[in-house]
Amino acid sequence: MSKHYESHAYLTFSLGEEKFAISVENVQEVVELEQVTKVPNAPDYMLGIINLRGRVLPLLDTRMKLGLQRTEITKKSRIMILDLTTEEDKSLQVGALVDIAKEVIELTADDIQEAPDFENYKTHAPITGVVNNRGDITMIMDIARIFSTADIVQLNTLN
Amino acid sequence: MDINQKRFIEDALDLLNELDEGLLQLEANPHASAPLEQVFRTMHTIKGGANMFGFENIGSLAHQLETLYDYVRQGKMQVSDGLISITLHAFDKVRDLLKEKDATRINNSDALKEHLQVAMEFLKAAEATGDLADLSGTTVSKDELATFFLRVSPSVALTEDGNHPLIFILQDIAILGNCRVLVHKHPSGEVALWEVIIATTTSQAELESYFMFVENECAVEYIRLAPGDLFEDAAFTEYLDALQGQPVALEQLQPILDRRQTTYTAPLEEEGEGDAAAGRKRVASDSFIKVSKRKVDDLLNWISELIILQAQLSNTALSLQHPALTNVTEQLEMITGRLRDTSLEIGLVPVETLVTKFKRLVRDLSRQLGKKVNFLSEGAETEMDKDVIELMADPMIHIIRNAIDHGIETPEVRKAAGKSEHGAVKLKAFNSSAYVNIVISDDGKGICKENVLKKAQEKGLVAADANLTDDEIYDLIFHPGLSTASQISDVSGRGVGMDVVKQKIVELRGSVSVKSQPGHGTVIHIKLPLSRSIIEGLLVNVAETRYVVPMNVVERIDRIPYAELCRDNKVNKTVVVNEEPLFVLSLREQFHAGLPPPRTTDIISVQVNGARKGIAVDKIEGKMQTVMKPLGDVYKHQDFISGSTILGNGNLALVLDPARLFSMSVNTITV
C-alpha cells in the first residue's frame, strides 16, 4: 500500500455553523447529554461532572474553550468522550460538549490541506489542516491540545 | 535506568525490609540459626543482584558484611550489638541510595565508602582481639552435596552469546559445583531451553534466589535428582553423552537414579526417600505477584461498571418476568457480588508491612534516649488499603516517637516507681464493621492533665474558668502549637506534630482519641475507614445539588428558620444554635446565591481543626454509605470537594472536605 492512499478515520462535529473533524483515536464514544452536576467555584467552561455508566467524568464546553459563546443545549447536543494523555503521561478522560456530532469519515493525506492562518483561532484553536470539499470547509482539530490538562489547570488558576 | 535495574531496586527495597526484620530478630535471639540464615541469604541475594545490574558499590558493601556473617555462621564470631548496628546503618544508607532516580548516582563509589570502611575495621578489630584465631581449625559444617537438574526456559528471545542477565546467572551457577549445561535452540537460533545438571552443596533455596531478578523472563523447574555427585556415576555421564542434542528424559534416567538412591549413603540424610520423586513435580512458582496500581484501579473501575450494568439487568429481568432470564440474572448477581468483594481485597495490605519500620524506630530511639523499650504488636495481619497505610506511616511514627520520648520513663525512674525497667509500646490492629482500628499504647508516665490544661490556658486556647471533661483536655494535645514537653528535644516536642497527626487522620476520614492514666500510660486509638473509597456521610440537598458531608466530623444537626441564617445586616455573623454561637457557612450563599431560599435550613455542626463550625444546607436527606470516586486532575483546584458518588438514581453527589471548605471560605472572606 502506498503512503498516498493510507487513510485515517475522523469524527466530524459542528460548533455553530462550522464543521470540525478530530482523529477517532482520541474518541472513545459519543453519548447524549443527560444529568450534569455542576462543581462550584469552577470556570464557566467546566460544566460539571457526568456519570458515564459508573465512571465520573468532567464535562467541558468545547465552544467556550475555543472562546465562543456558551453551547446552547438542544436535542442534538452530544458529548464526545475523549481519551487524552496528559504531560505526565497519565491517561485522562473528559466529555466534550458539541452542538452536533456528525459522522466518521476516512481521509487520506491528499485530502487534507495545510491550515491557513486563522487570526482568531491561532492561539485558541489548534487547527492542523483543512478539508475543502467544493467550498464546504472542515477543519481538522488537534483535540489533545485543546483539552490538555496544563491548559485547563492554567485557566482554572486564572479564574 | 533500564527496566532490569528498576526491577532490581524494587525487589531490593523489599529485601532490605526483610533484612531489617531478620537483623532485629537476630539481635533478640543471637544464637538462633533461622534468622542468621535469613540475614545471610538476603545479603547474598542483594549482593548478587547489585553486582549484576551495575551497582558494584552496593555489591562490595554487601560482600564485606556478608563475610562477617559468614564468620558468625561458622561459629567464629558472636552476634553483637555493634555488628547489628553497623549492618543496620550500612543498609539504611543503601536504602537511601536506592531511592535516587539516577543509576550513576546510586553507583557513586563514595556514598558507601564510610560504611565499607567501618565493616572492614570491624573485621580487623575482631581479628585483633583473637575472636577469629581458630579460623582454619574447626570444620565447616557444609550443606549436603546433591545433584540438581534445572530446566530453564526463557520466555524472551535471547541468543546464547547475548548479554541478557540470564546468561550471566547461568555462568554464576555453573561455578557452584560440578556442572554441565545443555542448550536447546529454536531453528531461528534463539535459546529455547537450558538444561543444567549440577552437583553442588548449594541448597535449592539458594539456587532459586539466583533467578529471583529474572523470574518474569524465564520459567525454572528445579528437580533434585539424587544425593551426592551424580557425575561420579559412569552410567549417568554415558547417558548424558549419548543424548546428542536431545532433551534429558527423566524416565530413562530413573533406573540410574533409583540405584543411586539406594546405594548412596550420605553422612546426614535429612530428606526422606521419596523426596527426589516428589521434587520432580516442583515448578518454581511464587505465591505473590507484583501488579501495577494502575491495573488494579482499572480492574476496579470495570467491576463497578459491571455492577451497575448488572443492576440494570436485574431491573429488566424483574419487569419481563422470564424464568430463564431471572435465573441467569440471579446467578450473575451472586458472581458480581463475589467479584466486587474479592477485588476490593486486592488493594489491601497487612499492617505488618509497617511493623518492621516501627521496630527499628523503637530500637534506635530507645538507645539514643537511654531507655529500655520493648515493642509488641498484635493483629499485624489486619489488612488496610495500601494508600492508607502509606499515608499513615508518618503519623504513626510520630505517635510512637512521642510514646518513647515523653511517655516511657528512664529505667531508674521506672524502677523507683515499682515498674519493670523495660517499658512497652504496643501496637494493636483490628477490624470493626467498616473501620480499621489502630491502638498505640505505652505503659509510661501518662499525660499530665493539669499541665495540658495550664498550658492551654496560658496560650489562651481555653478560657481560664472553662470546665472541661477529661476527654476534652486530652483532645487538646492535638491542638496546633501545644506541646507539654518542658524541654524541647530533638526527637519530638517542637509543638508541631500531634496536630498534623490528627489532620492526616481526619483527611482520611478517620478519627482519633486519647486516654491516659497518670503513672500507667497512654492509649491512642485511631479509627480509619477500611478503604479510602468507601465513605459514610450525610446526604444533603442544596438548591437541587446533592452534597455528602463525611460522618466522622459531624457532631450534631439542628433545623432553624432560614431567616435566622441571614446575617447580612448584622455585626454578629454567628448563628445561635443550641444556645451557643456558631460560625456557620451557608452552602447556598457560597455556591448557589441568587436562587429563592427555602423556609428552613439544616445546620450541621462539624469539628474542624479543633473548633466547632456549622455548615448550612437546605435539607438533610439521610445517612448513607457509598463508594467515593475522585474528580481527577481537572478539578484539582476545587479541593474542597474530595470526590463524588453515584446515587441510586444514577445522579451524582459531591463529597465535601469540611476542613478545606472552611479554609477556603476564610480566604474568600479576607479577599
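All chains are named by letter (A, B, ...) in the order of the sequence lines, taking the proteins before the strands, and each is independently numbered beginning at 1.
- Interface remark: of the candidates B:S644, B:G643, B:P630, B:S644 forms the most heavy-atom pairs closer than 4.5 Å to chain A.
- Counting heavy atoms of neighbouring residues, nucleotides and ligands inside a 6.0 Å radius, atom CD of A:E29 exceeds 12 of them.
- Of the inter-residue distances, the one linking A:N41 atom CG with B:H637 atom NE2 reads 12.5 Å to the nearest 0.5 angstrom.
- The part of B:I641 that comes within reach of chain A is its side chain, from C-beta onward, which places non-hydrogen atoms under 4.5 angstrom from that chain.
- Listed for the B:Y635 side chain is no donor-acceptor partner under 3.5 Å among the backbone atoms of A:A42.
- Residues B:F640 and A:P40 approach most closely at CZ-O, 3.6 Å, considering heavy atoms.
- Between the B:Q638 side chain and the A:V39 main chain, no donor and acceptor come within less than 3.5 Å of each other.
- Taking each heavy atom of B:N651 and A:Q35 in turn, the nearest pair found is OD1-CG, 3.3 Å.
- No more than 12 heavy-atom neighbours from other residues, nucleotides or ligands sit within 6.0 angstrom of NE2 on A:H8.
- Using a 4.5 Å cut-off between heavy atoms, A:I50 touches chain B through its backbone atoms (N, CA, C, O) alone.
- For A:E106, the CD atom is densely surrounded, since the number of other residues' heavy atoms within 6.0 Å is greater than 12.
- With a 4.5 Å cut-off on side-chain heavy atoms, B:L652 and A:V36 do not count as touching.
- Counting non-hydrogen atoms of other residues, nucleotides and ligands closer than 6.0 Å to CD of A:E25 gives a total of 12 or fewer.
- Taking CD1 of A:I49 as the reference point, atom NZ of B:K629 lies at 11.5 Å (rounded to 0.5 Å).
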task = Apply the test side chain to side chain contact (heavy atoms under 4.5 Å, CB included) to residues B:T545 and A:K38: give CA-CA distance (whole Å), side-chain angles for both, the deciding distance (0.1 Å), then the verdict.
result = CA-CA 8 Å; B:T545 301; A:K38 174 104 185 122; 5.8 Å; no

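- Other residues, nucleotides and ligands contribute only 12 or fewer heavy atoms inside 6.0 Å of the CD atom of A:Q69.
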